[in-house]
2 protein chains.
Amino acid sequence: MPRRTSKPMPSKPPPITMDAVYTAPGYLFRRMQQIAVSIFVEECSAFDLTPVQYAALVAIHTHPGIDATRLSAVIAFDRSTLGNVIERLESKALIERKPSREDKRVKLLHLTKAGAIVLRDIMSSVERAQVRMLQPLKPADRKTLLALLTQLVDLNNEASRVPLRAEDALEHLGKSN
Amino acid sequence: MPRRTSKPMPSKPPPITMDAVYTAPGYLFRRMQQIAVSIFVEECSAFDLTPVQYAALVAIHTHPGIDATRLSAVIAFDRSTLGNVIERLESKALIERKPSREDKRVKLLHLTKAGAIVLRDIMSSVERAQVRMLQPLKPADRKTLLALLTQLVDLNNEASRVPLRAEDALEHLGKSN
DNA sequence: CCCATATTGTAAGTATACTGTCAATCGGCA
DNA sequence: TGCCGATTGACAGTATACTTACAATATGGG
């Protein structure tokens with residue numbers, strides 16, 4: 001009697017169903033990202049800031065005088081993408097870009113007064129959005145998911161096109177003007 | 001002695017650190033999505049298909065003769081976004097769009113021979129990509145994460161701008177030509 | 001049967017998120 | 001010191017992902 005496991009026969013591939021999409025981690029990550037952005041934008045609609053713009057503001061606040069390349073490493077964005085984000089934040093007068101005196105290539109980033117105020121005021125809305133994303137889960141499950149996700153993102157850091165390099169942010173200290 | 005919890009004093013907000021970004025679920029979802037796309041594209045580079053295009057191919061294969069609006073509900077994409085995706089798949093000759101006889105507004109979608117072959121051949125690469133995304137976790141943790149994520153996406157379905165409506169796919173049966 | 005209302009695909013506009021490429025500039029090494 | 005390779009910000013090009021708007025078409029109620 002031919003045992004199924006004896007020799008790897010050129011067996012028929014399984015039929016393709018929607019499960020090939022619905023149960024794939026990649027699909028779930030994409031869906032969850034869509035949902036997260038949607039919730040964020042809704043909660044923060046009064047501030048007209050996207051999640052990406054918020055992250056950039058926080059990073060510039062935390063690292064005043066950082067340049068665009070280092071900023072991209074600190075929040076794990078592509079340098080090209082970040083260029084546009086910075087432009088929009090500048091046109092909304094939330095940040096300033098001033099040329100460095102020591103390196104004529106770089107432009108140093110600072111929050112404006114308006115930027116600091118917006119950042120301070122948006123925090124509670126952001127917090128509400130973050131809570132809402134996980135709300136449907138039981139509290140213990142929220143912790144579990146967050147822990148596993150943190151772990152997975154960290155361990156997969158190098159697989160990303162733009163790995164997070166939080167340490168890079170420190171390099172600009174001591175240089176700047 | 002003034003108890004901290006007695007009356008909601010106008011207390012100082014906590015200082016803003018990068019943790020306001022790094023520990024936020026929304027940020028982790030975005031990072032994980034970046035990583036997932038990166039791994040998918042890498043594993044499937046031989047096929048020149050994006051994750052979104054792959055999902056569309058599977059759905060059209062599973063629901064031959066579906067129209068664009070119903071397709072968007074089945075894979076939870078925006079209708080506008082899907083228009084461009086369909087265009088690209090058509091220009092690669094992986095799908096066909098033919099006008100319906102009963103409703104002059106709709107265009108019915110079918111895989112071409114080439115599309116069916118690409119879909120069949122890409123499956124193993126897709127599978128490898130999905131495995132790689134979760135690889136860094138222990139097997140038990142992979143199951144936990146996947147279960148929680150599936151649950152969360154499902155429970156948050158309505159929070160998304162384009163909720164998944166898998167049942168919609170059935171409506172086109174019995175109508176079509 | 002006719003018209004108000006809804007649906008369908010498409011298009012324009014904005015915002016990520018990448019890939020390249022490029023000129024200006026910088027830094028280290030011969 | 002002078003040049004070569006690396007870095008920096010900018011730009012062009014592609015692909016999601018959303019918004020609003022619109023014309024063509026369908027449908028149901030009066």
Side-chain angles (χ1 to χ4, degrees), chain A residues 26 29-31 33-38 40-42 45 48-56 66-73 75-92 97-109 160-162 168 171-172 175, chain B residues 26-27 29-31 33-42 45 48-56 66-73 75-92 97-109 160-162 168 171-172 175:
Chain A
F29 291 135
R30 187 172 61 74
R31 283 288 287 141
Q33 157 74 355
Q34 283 180 327
I35 290 165
V37 171
S38 177
F40 184 103
V41 169
E42 197 181 310
S45 59
D48 191 33
L49 272 194
T50 64
V52 167
Q53 290 167 11
Y54 161 74
I66 197 172
D67 62 279
T69 295
R70 250 166 277 285
L71 179 58
S72 90
I75 50 185
F77 284 22
D78 186 81
R79 222 154 37 105
S80 303
T81 303
L82 197 55
N84 303 325
V85 176
I86 288 174
E87 242 172 56
R88 278 171 223 123
L89 288 174
E90 197 179 23
S91 78
K92 290 192 229 181
R97 218 175 344 183
K98 16 186 180 180
S100 161
R101 235 165 273 148
E102 304 154 28
D103 187 336
K104 284 184 208 155
R105 292 170 305 176
V106 316
K107 302 187 177 175
L108 307 178
L109 303 171
S160 159
R161 296 297 169 144
V162 188
D168 278 23
E171 287 179 28
H172 79 111
K175 281 195 188 185
Chain B
Y27 177 79
F29 291 136
R30 184 172 63 73
R31 281 292 285 142
Q33 156 74 355
Q34 284 180 325
I35 290 165
V37 170
S38 177
I39 290 176
F40 185 103
V41 169
E42 196 181 311
S45 61
D48 191 33
L49 272 194
T50 66
V52 167
Q53 290 167 11
Y54 161 75
I66 197 172
D67 62 278
T69 295
R70 249 165 279 286
L71 180 58
S72 90
I75 49 184
F77 283 23
D78 184 81
R79 220 154 40 101
S80 303
T81 304
L82 197 56
N84 303 325
V85 176
I86 288 174
E87 241 173 57
R88 277 171 222 123
L89 288 174
E90 196 180 24
S91 78
K92 289 192 229 179
R97 216 173 349 181
K98 14 186 181 183
S100 161
R101 236 165 273 147
E102 304 153 27
D103 188 334
K104 283 182 207 157
R105 292 170 305 177
V106 316
K107 301 186 178 176
L108 307 176
L109 303 171
S160 160
R161 296 296 169 146
V162 189
D168 278 21
E171 287 179 28
H172 79 110
K175 280 196 189 184

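Chain A is the first sequence line, chain B the second, and so forth, proteins listed ahead of strands; every chain is numbered from 1.
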[X] [atom1] - [N] [atom2] separation (whole Å):
| X | N | atom1 | atom2 | value |
| --- | --- | --- | --- | --- |
| A:Ile66 | D:dG9 | CD1 | C1' | 15 Å |
| B:Asp78 | D:dT19 | CG | C1' | 8 Å |
| B:Leu71 | C:dT7 | CG | C1' | 16 Å |
| A:Phe77 | D:dA10 | CZ | C1' | 18 Å |
| B:Asp67 | D:dA26 | CG | P | 13 Å |
| B:Gln53 | D:dT14 | CD | P | 14 Å |
| A:Lys98 | D:dT8 | NZ | C1' | 20 Å |
| B:Glu102 | C:dT7 | CD | P | 18 Å |

| said: Using side-chain heavy atoms (C-beta onward) and a distance below 4.5 Å, is A:Ile75 in contact with A:Val52? | reply: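 With C-beta onward as the side chain, the pair stays apart.
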
Spacing of [atom1] belonging to [X] relative to [atom2] belonging to [Y], to within rounding of 0.5 Å:
| X | Y | atom1 | atom2 | value |
| --- | --- | --- | --- | --- |
| A:Leu89 | A:Leu49 | CG | CG | 7.0 Å |
| B:Ile86 | B:Phe77 | CD1 | CZ | 10.0 Å |
| B:Ile66 | B:Leu108 | CD1 | CG | 10.0 Å |
| A:Asp48 | A:Gln53 | CG | CD | 7.0 Å |
| B:Asp103 | B:Asp67 | CG | CG | 8.5 Å |
| B:Phe29 | B:Gln34 | CZ | CD | 14.5 Å |

Please state whether the phosphate of [N], meaning OP1 or OP2, lies under 4.0 angstrom from any side-chain nitrogen or oxygen of [X].
| X | N | value |
| --- | --- | --- |
| A:Thr69 | D:dG9 | yes |
| B:Arg105 | C:dT10 | no |
| A:Gln33 | C:dA17 | yes |
| A:Lys107 | D:dA10 | yes |
| A:Arg70 | D:dT7 | no |
| A:Arg97 | D:dA10 | yes |

| 5′-ward residue of the pair B:Ile35/A:Lys92 relative to DNA chain C |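 Between the two, 5'-proximity favours A:Lys92.
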
| field | Closest-nucleotide 5' rank along DNA chain C - winner of A:Pro51 and A:Asp103 | value |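 Whichever sits nearer the 5' end wins; that is A:Pro51.
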
| query | Pick one: which of B:Val41, B:Ile35, B:Val37 meets side-chain contact (heavy atoms from CB on, under 4.5 Å) with B:Ile39? | reply | B:Ile35

| query | Given D:dA26, C:dG9, D:dC11, which nucleotide is nearest the side-chain atoms of B:Ala68? | reply |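 In terms of side-chain proximity for B:Ala68, the closest of D:dA26, C:dG9, D:dC11 is C:dG9.
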
| Among the nucleotides D:dA17, C:dA6, C:dA17, which one has an atom lying closest to any side-chain atom of B:Val52? |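 Shortest atom-to-atom distance from the side chain points to D:dA17.
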
| Closest non-hydrogen atom pair between B:Gly26 and A:Ala36, with its separation |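 Shortest heavy-atom separation between B:Gly26 and A:Ala36 comes out as CA-CB, 4.3 Å.
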
| note | In short, B:Leu82 meets B:Ser72 closest at the heavy-atom pair CD2-N, 3.5 Å

| query | Is B:Arg79 touching bases, backbone alone, or none of the nucleic acid, heavy atoms closer than 4.0 Å? | reply | base

| task | Select base, sugar-phosphate, or nothing to describe what A:Thr50 touches, counting heavy atoms under 4.0 Å on all strands. | result |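 It contacts sugar-phosphate atoms only.
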
| field | End axis versus end axis in the helix from C:dC1-D:dG30 to C:dA30-D:dT1, the angle rounded to 10°, five pairs used at each terminus | value |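 Overall, the helix from C:dC1-D:dG30 to C:dA30-D:dT1 bends by 0° from one end axis to the other.
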
| Going by atom types alone, do A:Gln33 and A:Arg30 pair a side-chain donor with an acceptor below 3.5 Å? | no

| message | Should the side chain of B:Ser80 and the base of C:dA11 be counted as holding a donor-acceptor pair, with the cut-off at 3.5 Å? | response |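 Result: at least one qualifying N/O pair found.
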
| message | Expected output is a numbered-order residue list: members of residues 83-91 of chain A with a heavy atom under 4.0 Å from any atom of DNA chain D. What is it? | response | none

